[in-house]
There are 2 protein chains.
Amino acid sequence: MDEDLKHRSFYPLSVDCVIFGFADNKLNVALIQRKKEPFKNHWAIPGGFIEESETLEQGAQRELLEETNIKDVFLEQVHIFSKPNRDPRGRVISCAFYALVNPKAFNILAGQDASHVKWWPINKLPKLAFDHKLIFDTSLEKLRQSIRIKPIGFELLEEKFTLTEFQKLYEAILDKKIDKRNFRKKAAKMEFIKDSNEITSGKKARPAKLYLFDPVIYKKHSQNGFYFDL
Amino acid sequence: MDEDLKHRSFYPLSVDCVIFGFADNKLNVALIQRKKEPFKNHWAIPGGFIEESETLEQGAQRELLEETNIKDVFLEQVHIFSKPNRDPRGRVISCAFYALVNPKAFNILAGQDASHVKWWPINKLPKLAFDHKLIFDTSLEKLRQSIRIKPIGFELLEEKFTLTEFQKLYEAILDKKIDKRNFRKKAAKMEFIKDSNEITSGKKARPAKLYLFDPVIYKKHSQNGFYFDL
DNA sequence: TCAAAAGTGTTTACCATACACCCATGT
DNA sequence: ACATGGGTGTATGGTAAACACTTTTGA
């Protein structure tokens, strides 16, 4: 290592992942119950320390897999939390991410440091360890902003989805009712939402058309800025 | 320090500040010329290492003052850059910020590690050290998004400003022409832009009304989400 | 035949856009 | 008087918002 670096202060660096999942028309978050002190038995956002040769993104994916059995999902940086006393063990600087997950695609399992993992509806969270309430609030706010600018909503749905599912997702994230007919008119104008020519089956009601997201068409349109005004 | 922490990997952590300033109807960035290796004589985004008892935000403000003589300005986190080999001296993880500055309020001065500081128009930057081109591009993109969601534009102007200045600022940041009459109609509808009942003087043309930003009124309006559609 | 969710059009009010001339001041 | 930037209104087209009934399926 360079001489210049040797005289600097060094810090342990962690990542914390707010895992959002959409199920039963609700937005949920996966939390773990801690096995160890500090905050033993408290619920917490999964996370852990960065290792020597990985980026923060790689570290976050690794921790996600180790702690919850969730693999290879969409991640976005939210914010760094750096208050010197935010962790009672000593100074830990943490980078928050949110992860977007289709909950049906994974069977969440508690890893070594956790006694349980569980999906919680975002409006009924338990008391959280450390400054994780702040991390959660910041992440949800960031999600609400990003969902209007980028097509991240599709990460929370199945590959093929109905317009009703799509609408309920936006209603859950933005926490407001949206008019069905107006929503569909806007969706129809988004050319990157394509009819898959398939329909649902096995439901107790009229089948619905299934749609797909086309990332190539999206890229073209998003060049000049884009705003999902819903 | 806690036993648990002792066994972790530790990293030097730095901040880099992309300093935006608005002058002569142009958006500029303050860069420093490095005195030392690596990248000796290259132009770079000012920044430095975090100390033991400061947050990243405090560290960024300190570095800004030490390296450029800019003090106590608006700062926003942009992104963390964590590729293990991004710094040839060894692993350095860096958090990028942008700073918004009214250039008339400061006389920028080179600190110890720099031979010069200089404002550069954003479309005529020199070759930059490290991964600072990537950091700059990411920061500009973030600024372009944030300026539509939050009233950060006012940080780049004087306390009292004319509507023409306000318009030129948006044109510079978004890099597009905006119709004067339509812009003014929209500005008139923003209740947090208040007439100061003063006018400019000493110009070679008709004096202009001066306006003020009212943060209290803004807070009220921004609760339900906000989008500067210009 | 009933329950459950899918699907569909019209009207109204507002807002974005495009566009060109007169006004107040300093020199 | 002229150069410089400040300031203003209208017509048009498009889109957001509000609103209720019919259709298709499974039970």
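Labels below follow one simple rule: chain letters A, B, ... track the order of the sequence lines, proteins then strands, and each chain is numbered from 1. Nothing here was measured: the structure is a model prediction, and the numbers come from that model.
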Sidechain-backbone polar pair: A:N69 side chain, A:N107 backbone, donor-acceptor under 3.5 Å
yes
Spacing between B:L210 atom CG and D:dG6 atom P, to the nearest angstrom
11 Å
Atom CG of A:D229 and atom C1' of D:dG14: how far apart are they, to the nearest Å?
14 Å
Establish, yes or no, whether a centroid distance under 6.0 Å links the rings of B:F39 and B:F130.
yes
Judged by nearest nucleotide, the residue sitting upstream toward the 5' end of DNA chain D, A:P207 or B:K204, is B:K204
Rounded to whole Å, CE of B:M190 lies from C1' of C:dA16 at a distance of 13 Å
Given D:dA18, C:dT8, C:dA16, the nucleotide with the shortest approach to the side chain of B:K189:
C:dA16
Look at the side chain of B:K209 and the backbone N and O of B:T162, then say whether any donor-acceptor pair between them is shorter than 3.5 Å.
no
For C:dA5, does either OP1 or OP2 sit under 4.0 Å from a side-chain N or O belonging to A:T164?
no
Could you please name the option among D:dC19, D:dG6, C:dC19 that lies closest to any side-chain atom of A:R181?
D:dC19
Under a 3.5 Å distance rule, please check whether B:Q58 uses its side chain to pair with a backbone N or O of B:T55 as donor and acceptor.
yes
Would you mind classifying the nucleic acid contact of A:K203 as base, sugar-phosphate or nothing, using non-hydrogen atoms under 4.0 angstrom?
sugar-phosphate
Given D:dG6, D:dT4, D:dA17, the nucleotide with the shortest approach to the side chain of A:N182
D:dA17
According to a strict under-4.0 Å criterion, is B:K186 in side-chain N/O contact with OP1 or OP2 of C:dT17?
yes
Nearest of D:dG6, C:dT8, D:dG5 to any side-chain atom of B:A205?
D:dG5
Could you state the atom-to-atom distance from NZ of B:K180 to C1' of C:dA20 in whole Å?
11 Å
Please report, rounded to the nearest Å, how far the C1' atom of C:dT25 is from the CD1 atom of B:I199.
10 Å
Calculate the interatomic distance between A:K209 atom NZ and D:dT23 atom P; express it in whole Å.
16 Å
For a quick check of understanding: with a heavy-atom distance under 4.0 Å over all strands, which category does B:K185 fall into, base, sugar-phosphate or nothing?
base
Measure from the side-chain heavy atoms of A:R206 and tell me the nearest of C:dA24, D:dG9, D:dT23.
D:dT23
Closest approach to the side chain of A:A208, judged atom by atom: which nucleotide of D:dG6, C:dA6, D:dT25 is it?
C:dA6
Whole-Å distance, A:E165 CD to C:dA4 P, equals 19 Å
Start with the C-alpha distance between A:R184 and A:T164, add both sets of side-chain angles, then the distance that settles side chain to side chain contact (heavy atoms under 4.5 Å, CB included), and finish with yes or no.
CA-CA 9 Å; A:R184 281 160 185 255; A:T164 301; 3.1 Å; yes
Tell me the interatomic distance from A:F183, atom CZ, to C:dA6, atom P, rounded to whole angstroms.
12 Å
